[in-house]
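A short write-up of the structure that comes next.
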Amino acid sequence: MTQHMMCVTHPASPATKTMFSRILTSALFAGAAAGLIAALLQLVFVQPVLLHAELYESGELVHFGGEAVSAHPTLPGFDAMRDGLSIVFTMLTYTGYALVMVALMSIAEERGAKINARAGIIWGLAGFITFHFAPGLTLAPEVPGVAAADVGDRQIWWTATVAAAGIAMWLIAFGGTKISYAIAAVLLLAPHLIGAPEPDSFAGPVPTEIGALFAARAFGVGMAAWVLVGTFAGYFWQAEGKRAEASA
Amino acid sequence: MTTKTLNTAATGLGFLPAVFALVLGLGIMALTGHVQASGLHDAAHDVRHASGFPCH
């Protein structure tokens, strides 16, 4: 009896190509769909708060002056160019999130994790914590016009915090040892104990009510959209897998 | 005759598609969220604020 060994290791092998197209297809569907919903949620819930803040940023409205300012000014309506670009860029951003998530899902599945729409909900929450909540806990989502430290410094802190939180999420989910939980806790806490770059002085002209509402709305919409990214990614990953099996 | 197929993941190279996708995803995020070129910044301005990226 002869035994044939097939070793599929070449980068351009059919199995690798299939895997790559499965990752790309799932991520594009999940990212575009969740991104479109995220964009619409942002336009309804976040954009009005942002436009309201911009009235103070531009000096059209002045808070802390002598007179009381109405909390309900007339805001600019839908701007096809500006809001259209926002929709496109939100879809792009969420496609980026989905690519990262599906890539990690494929690795997790190879290691025995079950990936489907239901499991995707937890993946989505982990993504929200990694990309929105962890950096936002200290660098709160900023409304336009607030004082902040140098953008380059904040981007470095943001990137490091996201990387640390992402590794922590993976360790909590798949580490399984006490040491891995401890390392995850350190990774989650350290960026906030070290602290993010802060402005030297406060100069924001925007009322605190608007700033607080903006941060809360950005988190809320972010969480909803991330849960959708996870659900869609899990669903399409499973569906694309079945399709690949059927056509193989 | 028996045919044995070795799983690509077991060889290490199997993770290559995942790594490509990961890099591509992070690249897109850097483009929409971080690059400060003024055209990109203006177009992505509202999204950066709403998605918690450091913007200005």
Side-chain angles (χ1 to χ4, degrees), chain A residues 1-11 13 15-17 19-20 23-24 27 39 42 46-47 50 82-83 85-86 88-90 92-93 95-104 106-107 110 131-132 135-136 139-144 148 151-152 154-155 158-159 214 217-219 221-222, chain B:
Chain A
M1 192 175 90
T2 37
Q3 198 180 58
H4 290 264
M5 281 270 265
M6 246 166 63
C7 213
V8 193
T9 55
H10 194 267
S13 71
T16 309
K17 272 185 189 163
M19 181 59 96
F20 195 42
I23 293 177
L24 274 187
Q42 283 176 358
V46 184
Q47 193 67 8
L50 187 141
R82 178 177 182 171
D83 295 332
L85 277 171
S86 292
V88 171
F89 272 83
T90 307
L92 264 178
T93 305
T95 302
Y97 294 155
L99 276 166
V100 171
M101 182 185 281
V102 175
L104 294 175
S106 77
I107 294 173
E110 288 288 351
F131 284 93
H132 279 193
L139 277 185
E142 312 156 16
V143 81
V151 67
R154 282 181 295 137
Q155 285 177 335
W158 186 98
T159 306
F214 185 85
R217 287 275 170 94
F219 276 146
V221 167
Chain B
M1 188 184 96
T2 353
T3 305
K4 249 186 169 179
T5 309
L6 286 186
N7 196 321
T8 45
T11 63
L13 278 173
F15 286 135
L16 216 54
V19 172
F20 273 133
L22 203 69
V23 171
L24 188 63
L26 293 173
I28 293 174
M29 258 184 251
L31 209 64
T32 60
H34 289 302
V35 174
Q36 287 295 314
S38 76
L40 261 179
H41 172 274
D42 294 349
H45 174 267
D46 297 354
V47 179
R48 289 181 183 189
H49 277 284
S51 308
F53 289 99
C55 191
H56 300 280

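Worth knowing before you read on, the calculation uses all heavy atoms, side chains too, and leaves out hydrogens, waters and symmetry mates. These figures come from a predicted structure and were not determined experimentally. Letters A, B, ... are given to chains in the order of the sequence lines, protein chains preceding strands, and every chain is numbered from 1.
Taking the six-membered ring for Trp and thresholds of 30 and 60 degrees, A:F214 and B:H49 have ring planes more than 60 degrees apart, a perpendicular arrangement.
Taking every heavy atom of both residues into account, A:V100 and B:M29 meet most closely at CG2-CE, 3.7 Å. Scanning all heavy atoms of the two residues, the minimum distance from A:I23 to B:A21 falls at CG2-CB, 3.4 Å. Contact record, A:R154 with B:C55: NH1-N, 4.3 Å, taken as the closest heavy-atom pair. Taking every heavy atom of both residues into account, B:P54 and A:E142 meet most closely at CA-OE2, 4.1 Å. The minimum heavy-atom distance linking B:H45 with A:R82 is given by the pair ND1-NH2, 4.1 Å. Among all heavy-atom pairs drawn from A:A103 and B:A18, the shortest one is CB-O, 3.2 Å.
For the options A:T90, A:V102, A:V46, heavy-atom pairs under 4.5 Å to chain B are most numerous at A:T90. If you tally non-hydrogen atom pairs under 4.5 Å between each of B:A43, B:G27, B:G52 and chain A, the highest count goes to B:A43. For chain B, the option among A:P144, A:A148, A:P135, A:A218 with the highest count of heavy-atom pairs below 4.5 Å is A:P144.
In this structure, B:R48 and A:F89 have side chains that are not in contact, with every pair of non-hydrogen atoms separated by 4.5 Å or more. Inter-residue side-chain proximity for B:S51 and A:H132 is flagged as met; some heavy-atom pair is nearer than 4.5 Å.
Only the side chain of A:S106 comes within less than 4.5 Å of a heavy atom in chain B; its backbone stays farther off. With a 4.5 Å cut-off on non-hydrogen atoms, A:V143 touches chain B through its backbone but not through its side chain. Only the side chain of A:L24 has a heavy atom closer than 4.5 Å to any heavy atom of chain B.
Within a 6.0 Å radius of CZ in A:F20, more than 12 heavy atoms belonging to other residues, nucleotides or ligands are found.
For the side-chain contact (heavy atoms from CB on, under 4.5 Å) test with A:L99, the passing option among B:L22, B:V23, B:L24 is B:L24; the others fail.
Distance check, rounded to the nearest 0.5 Å: CG of B:L16 to CE of A:M19 gives 11.5 Å. The CG atom of B:D46 sits 7.0 Å away from atom CG of A:D83, with the distance rounded to the nearest 0.5 Å. Distance OG1/A:T159 to CZ/B:F53: 9.0 Å, rounded to 0.5 Å.
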